[in-house]
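Here's the structure, in structure tokens; my notes come after.
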There are 2 protein chains.
Amino acid sequence: MSIIFSRQCEYALQAVTYLALKTNGEMTSIKELAKKLGIPYHFLGKILQDLTYKGLLVSQKGPSGGFRLAMPAKDITLFHVVEAIDGVGFTKNCVLGFPDCSGQNPCAVHEKWAGLRDGIYSMLVNKNIAQIAKETRKPEYV
Amino acid sequence: MSIIFSRQCEYALQAVTYLALKTNGEMTSIKELAKKLGIPYHFLGKILQDLTYKGLLVSQKGPSGGFRLAMPAKDITLFHVVEAIDGVGFTKNCVLGFPDCSGQNPCAVHEKWAGLRDGIYSMLVNKNIAQIAKETRKPEYV
DNA sequence: ATAATTTAAGATAAGAAAGTCTGATTATGA
DNA sequence: TCATAATCAGACTTTCTTATCTTAAATTAT
């Protein structure tokens, strides 16, 4: 199975997008996120914990606690989230897996892939979560 | 970890490329492939078996047996190999994992990703194994 | 025929990713 | 203060991928 981002990463993107739809400093619980997004509760908890550790979210314990974005949604790009969860390996390795593919010794699609890779990179960097939230508003989210 | 193709798929691409460097109908053993390419012997065996089942390779048992391409290298594209091993899920699913992302209800990068996805697709379709073998000839292969 | 060599096939193990469960910790509000 | 509600933390289970091992089947060459 070919994949681009791990499932954790997809969940993270969905959760961060959901949080961006919440105005002011309102906290959102794992329970609400898990329910509305259809993501396993405890698994999501781990991911949010991770995003908090990485500085993208802020958490608060206790009643009426939960998570919120650590900064304005427009300052968080897709790339920030992907980088936090999956890392940036896709920008480095040969897409065909040839072990000694490099600039000196390029595989047959080296240049072609470099262009596509840069396209993916700029897609991630140039799209912030505020845009994602605005343009991806889904019925269940309201 | 973000990845594009599975390790099996990468191994398959490397093996098929190696086989394309063999002229005429010569058979190549798993042993040689595994050794030259640095791929675990038995694991590679399974993959070659799979590629044979899918019709990309032909196998022969017994002494001086092994595998060879089932057709001219120029008739096998990267896409054929990827399709055989990993399937073509990457052409269908939302790159951000939004469950109900579609043409009617697109996510914020839906169009952007469609372009990049098509770029990856045409990269795979427009590059055949003969080209890969020619342009990716590596020292150890000779 | 027989021994040697090779793929075929299935069981099993090791590792990573995904998902679950339980209890501890922290904060709120009655 | 105290019950409650929430995250935090760790162990555990399950599932998938990767890798290994062993035996069977087929083919070749002697």
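Below, chains carry the letters A, B, ... as their sequence lines are ordered, and counting in each starts from 1. Everything numeric in this text was worked out from a predicted model, so none of it was measured.
Rounded to an integer number of Å, the gap from CG of B:Leu57 to C1' of C:dT7 is 13 Å. Separating the CD atom of B:Gln49 from the C1' atom of C:dT7 is a distance of 7 Å, rounded to the nearest angstrom.
Within a heavy-atom distance below 4.0 Å of DNA chain D, the residues of residues 62-69 of chain B found are B:Gly62, B:Pro63.
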TODO: Summarise protein proximity over nucleotides 15-25 of chain C in one line of letters, 5' to 3': B for base, S for sugar-phosphate only, - for none, counting protein heavy atoms closer than 4.0 Å.
DONE: ---SBBBB--B
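Distances shorter than 4.0 Å separate none of the side-chain N or O atoms of B:Gln60 from OP1 or OP2 on C:dT6.
Partners of A:Lys127 according to the salt bridge (Lys or Arg N to Asp or Glu O under 4.0 Å) rule, which considers only residues two or more places apart in sequence or in another chain, are A:Glu135. Every residue was checked against the salt bridge (Lys or Arg N to Asp or Glu O under 4.0 Å) condition with A:Glu111, not counting sequence neighbours, and none meets it.
In this structure the side chain of B:Phe67 never reaches within 4.5 angstrom of the side chain of B:Leu51, judged on heavy atoms. In this structure the side chain of A:Met1 never reaches within 4.5 angstrom of the side chain of B:Asp86, judged on heavy atoms. A heavy-atom distance below 4.5 Å is found between the side chains of B:Ile76 and B:Val81. Residues B:Leu19 and B:Leu33 meet the side-chain proximity criterion, which asks for heavy atoms closer than 4.5 Å.
Chain B approaches DNA chain D within less than 4.0 angstrom (heavy atoms of the protein), and the contacting nucleotides run 5' to 3' from D:dT18 to D:dT28.
Across all strands, A:Ile30 comes closer than 4.0 Å only to sugar-phosphate atoms, never to a base (heavy-atom distances).
Criterion: ILVMFWY side-chain heavy atoms under 4.5 Å apart, direct or through other members. Under it, B:Phe43 and B:Tyr18 are part of a common hydrophobic cluster. Hydrophobic clustering of Ile, Leu, Val, Met, Phe, Trp and Tyr side chains at less than 4.5 Å, counting indirect connections, keeps A:Tyr53 apart from A:Val88. The cluster map of Ile, Leu, Val, Met, Phe, Trp and Tyr, joined by side-chain heavy atoms under 4.5 Å apart, puts A:Tyr121 and B:Leu116 in the same cluster.
Every pair passing salt bridge (Lys or Arg N to Asp or Glu O under 4.0 Å) that includes a residue from residues 43-67 of chain B is listed here, sequence neighbours excluded: B:Asp50-B:Lys54.
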